[in-house]
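Report on the following structure.
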Amino acid sequence: ARAMQAALEREWTAVPVIGGEHIDGATTPSIDPTDIRRVVGTVVPATESDVDRALEVSTQAQPDWDRTPPAERAEILERAAALFEERGAELMALAVREAGKSIPDAVSELREAVDFLRYYAAGAREQFGNPQRLPGPTGESNTLSLHGRGVFLCISPWNFPLAIFTGQIAAALAAGNSVLAKPAEQTSLIAAHAVRLMHEAGVPGDVLNFLPGRGSLIGPRATADPRIAGVAFTGSTDTAWRINRSLAARDAQIASLIAETGGQNAMIVDSSALPEQVVLDVVASAFRSAGQRCSALRVLFLQRDIAPRVLELLAGYMDELIVGDPALMSTDIGPVIDMKSREALEAHAEAIAARGKLIYRCRLNGAPGHGSFFAPMAVEIDALDWLEGEVFGPVLHVIRYRARDLDNVIESINATGFGLTLGVQSRIDSGARAIGRKANVGNVYVNRNMIGAVVGVQPFGGCGLSGTGPKAGGPHYLHRFATERTLTINTAAVGGNATLLSLAPD
Ligand code: NAP
């Protein structure tokens, strides 16, 4: 707690780091969403020439990094994981101050980042360190090996400013790529600290380059460049489309694009579900992290028969939630990321409450007066098509359905085109599994909340408009960062096939 307090009082900085060199320039402040008068630190935004320089050094550095034995790359990532743990208080303090994360969320954020580092380190050893022997005729050996593709651009959002930022970079590095890392503007300081620790752990400065600043400047400049071999992006679907178009317009190597984007996540609750459990899981899924998780619950489909009881319990629970300073252990829900986001949410809240029926709106009972706080709300609506897209905050939309309309409910969810997470609450196992099978989504959660995927346990990612796959924290992720090579040798050419001699007789 003392280390966190000291970190909270420190002035942090984020500057472009290119080839290990720290670049000076005009600064902009990074603001605390809990109190927008408070400056957490300063950021020097990268310029277009910084992007060009980073491309130059990372292109030169990549082949050596790729030739570094995968086990050595893994050791460096594991050292970074240990450093993240050692300096965890600082990273958590930054997650609280810069991103408005509550303390439990900051702990999860740190844990996920560390898990990504260790998981991809293990992947580098297992998948990149052991070329696979393939079958072939006698007199021939065949092996398949994985290598880095080149320079990867990693672009992350502010809602998991440490975990996703680190996860993308760790995967790209593990696979033998060099990296240009671009954090979200709102959360450059925590990203800068993560990069500091990764460099301290031994990632070479020219292999990991850091470019804080405007996405609309850095993104187009880098993605138009023929030297970019791949992009790992997490953020909105609109930005993913922009990146995809920019990469496609190049007459250059066809880049790999790993995009993890938004969702229109639903939970289906049938009449056999346990109302008390439903309410606990709904509140965690819809409101934890102020609803600013890509996996967060947006639309709750409640079977009519149990709706009155569930909604009564829901309103009661919402009345108990404390919305306030995320640095306090008593706080359940912190601020949304900035005033712009709060204004957009308030506009939606007003419009949807006027059209639908307000179930409950939390009080801003612990919120400091100068923060970007938004009171979580639950509102009943008639149909899913009332929503035009993802509402990225603590607004829960509730729709009642009749048991006989269940298939239509699933179809309407599929028709949104998104496919990220789905919750199901039912005590009829076969029914829950059937819903899971019919829904086109990447992650289905039955009788539990639908957030907080654990690395290596619930590999995470969506389909359709929600992402390109494969899943972060899953066994196939590193492959998308890799290129494959085969090596075929005619072993008979050096005087026969020696392996035949050592074959045991039957
Ligand atoms: P966003 O506006 O798309 O921003 C994400 C990142 O893209 C930021 O670093 C941003 O930089 C950068 N960017 C902006 N314009 C760009 C361009 N033209 N080219 C390249 N990069 C550009 O998304 P957001 O609103 O911050 O993040 C929330 C979204 O992320 C939600 O839709 C959420 O569902 C999604 N998300 C998905 C997952 C998942 O795993 N599926 C996880 C977390 C979040 P600036 O900050 O400088 O604008």
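Note that the coordinates shown come from a computational prediction; the quantities given were computed from them, not determined experimentally. Numbering of ligands and ligand atoms starts at 1, following listing order.
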At under 4.0 Å between heavy atoms, what of Ser246 touches ligand 1? The answer is neither
Nitrogen or oxygen of Thr261 less than 3.5 angstrom from that of ligand 1: yes
A student comparing Cys294, Ala472, Ala453 should find that the heavy atom closest to atom 42 (C) of ligand 1 comes from Cys294
All heavy atoms of Val379 vs all of Ile359, minimum pair found to be C-CD1, 3.8 Å
* For Arg118, look at atom CZ and say whether over 12 heavy atoms of other residues, nucleotides or ligands are found less than 6.0 Å away. => yes
If you compare Ala163, Ala296, Gly442, Gly235 by their heavy atoms, the one closest to atom 30 (O) of ligand 1 turns out to be Gly235
Might you confirm whether atom CD of Glu11 has over 12 heavy atoms from other residues, nucleotides or ligands at distances under 6.0 Å?
yes
Counting heavy atoms under 4.0 Å, the part of Arg293 that contacts ligand 1 is neither
Measure from NZ or CZ of Arg361 to the centre of the six-membered ring of Phe374 and say whether it is under 6.0 Å with the direction within 45° of the ring axis. yes
- Check whether any side-chain heavy atom of Asp225 sits under 4.5 Å from a side-chain heavy atom of Val151, and report yes or no. no
Atom 21 (N) of ligand 1 has as its nearest protein heavy atom Ile155 CD1, 3.6 Å
- Task: Tell me, please: is Gly213 in heavy-atom contact with ligand 1, that is, under 4.0 Å?
- Result: yes
### Query
For ligand 1, is there an N or O atom under 3.5 Å from any N or O atom of Gly215?
yes
Please assess Asp50 against Thr47 for the test side-chain hydrogen bond (donor to acceptor under 3.5 Å, both in side chains), listing each intermediate value before the final yes or no. CA-CA 5 Å; Asp50 292 335; Thr47 61; 3.2 Å; yes
Under-4.0 Å protein heavy-atom contact, atom 47 (O) of ligand 1: yes
Does Arg10 CZ have over 12 foreign heavy atoms under 6.0 Å away?
-> yes
Between Ala93 and Ala7 the two heavy atoms that sit nearest each other are CB-CB, 3.6 Å
If you scan protein heavy atoms around atom 19 (N) of ligand 1, the nearest is Gly219 CA, 3.5 Å
Distance col, row Ser156:OG vs Leu162:CG, nearest 0.5 angstrom, shows 10.0 Å
Strictly below 4.0 Å, N to O, side chains only: are Asp338 and Lys340 in salt-bridge contact?
no
In this structure, atom 10 (C) of ligand 1 is nearest to the protein heavy atom Lys182 NZ, 4.2 Å
Here the atoms of ligand 1 under 4.0 Å from any heavy atom belonging to Gly262 are 32 (O), 34 (O)
A student checking ligand 1 against Ile164 at a 4.0 Å heavy-atom cut-off should list atoms 42 (C), 43 (C)
the protein heavy atom lying closest to atom 27 (O) of ligand 1 turns out to be Pro157 CB, 3.7 Å
ask   = Where do Trp158 and Phe392 land on the ring pair (Phe, Tyr, Trp, His ring centres under 6.0 Å) test, with the steps shown first?
value = CA-CA 12 Å; Trp158 46 261; Phe392 207 66; 5.7 Å; yes
### Query
Does ligand 1 have any atom that is closer than 4.0 Å to a heavy atom of Ser156?
yes
Going by the 4.0 angstrom heavy-atom rule, the piece of Asp238 near ligand 1 is neither
Next on the checklist: Please check whether Arg214 reaches ligand 1 - meaning an N/O of the residue sits under 3.5 Å from an N/O of the ligand, judged on distance alone.
Outcome noted: no
Taking only non-hydrogen atoms of Ala184 and a 4.0 Å limit, the atoms of ligand 1 in range are 9 (O), 46 (O)
Identify whether the distance between the nearest side-chain nitrogen and carboxylate oxygen of Asp52 and Arg221 falls below 4.0 Å. yes
In ligand 1, the atoms that come under 4.0 Å of a heavy atom of Ile243 are 19 (N), 20 (C)
**Asked** Just checking, is any N or O donor in the side chain of Thr27 or Thr42 under 3.5 Å from an acceptor N or O on the other one?
**Response** no
The atoms of ligand 1 lying under 4.0 Å from a heavy atom of Phe233, numbered in the order shown, are 3 (O), 5 (C), 6 (C), 7 (O)
So for Ile218 against ligand 1, with non-hydrogen atoms under 4.0 Å, the contacting part is neither
Between Ile258 and Thr468 the two heavy atoms that sit nearest each other are CA-OG1, 3.5 Å
among protein heavy atoms, the one nearest atom 23 (O) of ligand 1 is Ser236 N, 3.3 Å
Looking at Arg242, Gln264, Arg221, Glu260, the heavy atom closest to atom 40 (O) of ligand 1 belongs to Glu260
min-distance protein heavy atom vs atom 45 (P) of ligand 1 -> Glu185 OE1, 3.4 Å
Atom 32 (O) of ligand 1 has as its nearest protein heavy atom Glu390 OE1, 2.7 Å
Under 4.0 Å from one or more heavy atoms of Pro183, ligand 1 contributes atoms 9 (O)
Check: of Asn159, Thr234, Leu217, Thr239, min heavy-atom distance to atom 2 (O) of ligand 1 comes from Thr239
- Item | Cation-pi, Phe160 ring and Lys101 (6.0 angstrom, 45 degrees) | yes
key: salt_bridge(Glu21, Arg53) N-O dist < 4.0 Å   = no
min-distance protein heavy atom vs atom 26 (O) of ligand 1 -> Trp158 NE1, 3.0 Å
